[in-house]
Asks: 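Once you've had a glance at the structure underneath, I'll fire off some questions.
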Amino acid sequence: LNPARVEMLLARMDKYSPKFQRNVALLLRATFNHAVENGVLPQSPIRKCHMPRVVAKEKPSWSEDELGAILHAIPEEFRPPFELAALTGMRLGEILGLQWQQVEFNSGWITVKQSLWNGHMMDSTKNGVMRVIPMAPELYVYLKTHKEREAVRFSGEQDPWGRKAKLAEPKGSDFVFRNRMGKPYCPDTLRRDVLYPVLAKLGLEYGHRQSGFHRFRHSAGSIVVKKTGNMKIAQKLLGHSSMSTTADIYTHVQNDEIKVAMEVLEQSILTPTAKSTCADFANGSQPEAKEPSGSLAGAGFEPATFGL
C-alpha cells in the first residue's frame, strides 16, 4: 500500500460525483488511521491531495406559497412528517427517527439527537451534534393533535369481552411518525407514493434527489435567512457544523439581499435632490447658504475659533 496505489484507485472512480469520491477517500483514511493506531501499518498512504474538492452548489427551494400549497394537498394521514420538515428544516432521518420522548410539550422544545438511516437507528445526527428546536405555536398544535390521533389510531374498537378499548397513549419510545404496523415510515414510500404525486398535481417540477424531503429543509433555511437576515440562526436551526456550509448553500438569499442593498444605495445617491446638488457642483456653483434657525439666528452667536 502506498499513495500511488490510492491515487490509481480514486482515478478509476472519475465517473462518480466528487462528493462520492471524497466519501470513499474519507472512509479509506479512517480505516488506515485505525490501522496505524493499532500498529498494523507504519503510516497511512492517504494524503491531502487524495481528497477531491467538493464545491457546494446552490440548492433549489420552494417559495412560501408553494410550501403552503404542497402541505395542503398532502393527504391528512401522511401530512404530519411533511409539516415538521417544512416548519423546522429537520433532516429526513431525524424526522423518521424522532420519538415522543424527544418532544417536550411542557417546555415546548424538540430534542434532535438521533437519526434513522436505512432502517437502523443511529445514536447521533449526521454531524454528531445534538440540537434543540423550539416549537412555534402552530407546530405545537400540529404535534399535539397528531399525538391524540395516534392514540385513537392504535386503539382497538373493543376488547375480547366486547368492552370499548382504552386509548393507546403513545409511549415515549414510540416513533412520532409510524405506519399502521407501528414502524417508521419508509422514506421511498413517502417520496414516491405521497410527495411526487402531489407535486405533479400542483404542476411543480420535480426530479430524482431534487424534490424530496431535503428540499423542504433548504426551503426552510432560505425563508429563515430571507426573513431574519441572520445566517447564524439558520445554521443553528439546520444543525450545520460550520457557518461556511450555511453560507455556501444559501448564497442566492445573500445575493437577493445584496441586490436590495445596491438599490437602496443607488436611490440614496441618485434621488432628485442628490442629482441637482451634483449638477450644481458640476457647473461650478455652490449650494445657497441658509440663514441659521432657532435661538442662534441674530443672537450674536460667534463660532469658536479654538485659539486660531
Side-chain angles (χ1 to χ4, degrees), residues 1-61 89-97 112-133 187 207-222 224-225 230-258:
L1 293 175
N2 54 61
R5 296 287 296 273
V6 173
E7 190 168 344
M8 291 174 59
L9 172 64
L10 295 176
R12 295 175 185 173
M13 298 191 299
D14 57 353
K15 63 180 180 179
Y16 299 104
S17 67
K19 184 177 181 181
F20 178 84
Q21 296 178 42
R22 185 176 180 83
N23 288 340
V24 172
L26 289 172
L27 179 61
L28 290 174
R29 185 176 68 178
T31 303
F32 287 130
N33 286 345
H34 183 72
V36 171
E37 291 174 358
N38 287 274
V40 179
L41 292 176
Q43 63 177 358
S44 172
I46 299 292
R47 301 292 183 267
K48 289 184 178 180
C49 62
H50 294 147
M51 296 294 169
R53 185 172 181 269
V54 179
V55 179
K57 297 181 180 180
E58 182 178 321
K59 302 295 193 303
S61 60
M90 290 172 60
R91 300 179 178 93
L92 175 58
E94 296 169 345
I95 293 173
L96 297 182
V112 184
K113 63 177 182 179
Q114 59 195 26
S115 180
L116 194 72
W117 182 80
N118 201 24
H120 300 282
M121 181 66 77
M122 314 297 291
D123 293 332
S124 63
T125 60
K126 180 180 178 180
N127 57 12
V129 178
M130 184 191 77
R131 69 185 189 280
V132 291
I133 299 176
H208 180 62
R209 299 183 65 85
Q210 292 294 323
S211 301
F213 270 81
H214 227 62
R215 190 157 183 173
F216 284 98
R217 176 172 168 81
H218 294 308
S219 301
S222 297
V224 168
V225 174
N230 193 324
M231 195 78 71
K232 188 68 176 178
I233 294 178
Q235 180 198 357
K236 292 293 185 182
L237 175 65
L238 300 176
H240 288 155
S241 57
S242 65
M243 178 65 78
S244 60
T245 302
T246 311
D248 289 342
I249 293 176
Y250 301 111
T251 52
H252 63 288
V253 179
Q254 291 178 302
N255 291 338
D256 289 342
E257 293 177 347
I258 293 174

Asks: State whether the side chain of Asn38 and the backbone N or O of Val40 hold a donor-acceptor pair below 3.5 Å, judged by distance alone.
Replies: no
Asks: CG of Leu116 to CD1 of Ile95: how many Å apart, nearest 0.5 Å?
Replies: 11.5 Å
Asks: I would like to know whether Leu28 and Val24 meet side chain to side chain contact (heavy atoms under 4.5 Å, CB included); could you show each step before the answer?
Replies: CA-CA 6 Å; Leu28 290 174; Val24 172; 4.2 Å; yes
Asks: So how far is it from Arg131 CZ to Glu94 CD, rounded to the nearest 0.5 Å?
Replies: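 So the CZ of Arg131 and the CD of Glu94 are separated by 4.0 Å.
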Asks: Take the angle between the ring planes of Phe216 and Phe213 and call it parallel below 30°, perpendicular above 60°, tilted in between.
Replies: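 Geometry flag for Phe213 against Phe216: tilted rings.
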Asks: Starting at CE of Met90, measure out to CZ of Arg217 and round the result to the nearest 0.5 Å.
Replies: 9.5 Å
Asks: Any chance you could measure Ser61, atom OG, to His218, atom NE2, to the nearest 0.5 Å?
Replies: 9.0 Å
Asks: I need the Met121 CE to Leu96 CG distance, nearest 0.5 Å.
Replies: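 The CG atom of Leu96 is 9.5 Å from CE of Met121, to the nearest 0.5 Å.
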Asks: Just how far is it from atom OG of Ser219 to atom NE2 of His214, taken to the nearest 0.5 Å?
Replies: 11.0 Å
Asks: Side-chain polar contacts of residues 6-16 - donor-acceptor pairs under 3.5 angstrom, sequence neighbours left out - could you list them?
Replies:
none

Asks: How close do Pro45 and Asn2 get, counting heavy atoms only, and between which atoms?
Replies: CB-C, 3.7 Å
